[in-house]
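Here the structure comes first, spelled out in structure tokens, and everything after it is commentary.
Ligands are counted one by one from 1 in listed order, and the atoms in each one are counted from 1 as well.
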Amino acid sequence: MAATKKNILKAVENIKLLSPNAAGLLEVSSRENHDLKDIVRVIKHDAALTAKTLQLVNSAAFGLHSKISDLERAITYSGENFLISLVMTEAADMIYNCDLAGYEGHKGGLWDHNLLTALASKRIAELSKEPLNTNVAFTAGLLHDLGKAIVSDFLKGSAADLLASLDKGEMDDYASAEEKLLGIDHTQAGYALGLHWNLPEPLPSAMRYHHKPAEAPDEHRALVYAVHLGDMVAMMTGRDTGADALRYQLDSNYSDFIDINENDLAQIILETDSDFSKLKESLNE
Ligand SMILES: [Fe+2]
Ligand SMILES: [Fe+2]
């Protein structure tokens, strides 16, 4: 299929919808005021997810001394971020199995990048000047680059040209280079996917504005800045998606929203790396 905006948007329309329970879980977890009870209510209705949760919580990664058979306890023990990650691996194998060929990345790289961004965004959201729900920052981080799963196929073979045009200073960042080539970049494709899946705000805004947080709607801007920095952390730790690694601009106005210094950043990089290993292990990967 020709690499045109029209075909890319058509590819978005062909992506399988989320299951009602996965969509329900994202809906609940995007609310500023939600708690674990709301999450339990959704998972309870999904037999497969309930079984999977119990199976993983009782696996070696969690190191429990006695078996948990009660779902509510299992959910309390494993936590919301684990559950959202689990649901996304099940619901969106297009991300999980994306080979990132257009970015010259590798299979699983997009998932790892999103996961690390999610964990870093959560820690950064704790430093937000306006109070943010850090679990919402996690979910937004987990979805932020899904657009790459869509545009990757259309970018195949063009990474060298895009990098050359960046090196010549023709473009500011990788997303602009994508847009010049395709008429659409991964943030716009991600936004279209967010609408296709009917995702609640702030998720589509994070998908759309994570490289240009200043353009995010007022009410979501602080959260999008957290994801913007979380994305940078992921790229700095080498959990990138390939050719576009660190080929984006840092918006230095982040300090209007996030109170972070170099020591905090170093700490977040360390902690996130260990969070990442733990989460991957608990997901049985
Ligand atoms: Fe991105
Ligand atoms: Fe990213």
The Fe ion (ligand 2) and H210: any N/O/S contact shorter than 2.8 Å? no
SB check K148 D244 (cutoff 4.0 Å): yes
If the cut-off is 2.8 Å, does any N/O/S atom of H144 fall short of it from the Fe ion (ligand 1)? no
For residues D145 and T117, determine if any side-chain heavy atom of one lies less than 4.5 Å from a side-chain heavy atom of the other. no
Does any N, O or S atom of D240, backbone or side chain, fall under 2.8 Å from the Fe ion (ligand 2)? no
Can you tell me how far apart OG1 (T272) and CG (L116) are? Round to the nearest 0.5 Å. 6.0 Å
Of all N/O/S atoms in D231, which lies nearest to the Fe ion (ligand 2)? OD1
H144 side chain to H211 side chain, donor-acceptor N/O pair below 3.5 angstrom: no
D167/R247 salt bridge by N-O under 4.0 Å criterion: yes
The Fe ion (ligand 1) has as its nearest N, O or S atom from H186 the atom NE2
Which atom, among the N/O/S set of D145, is closest to the Fe ion (ligand 1)? OD1
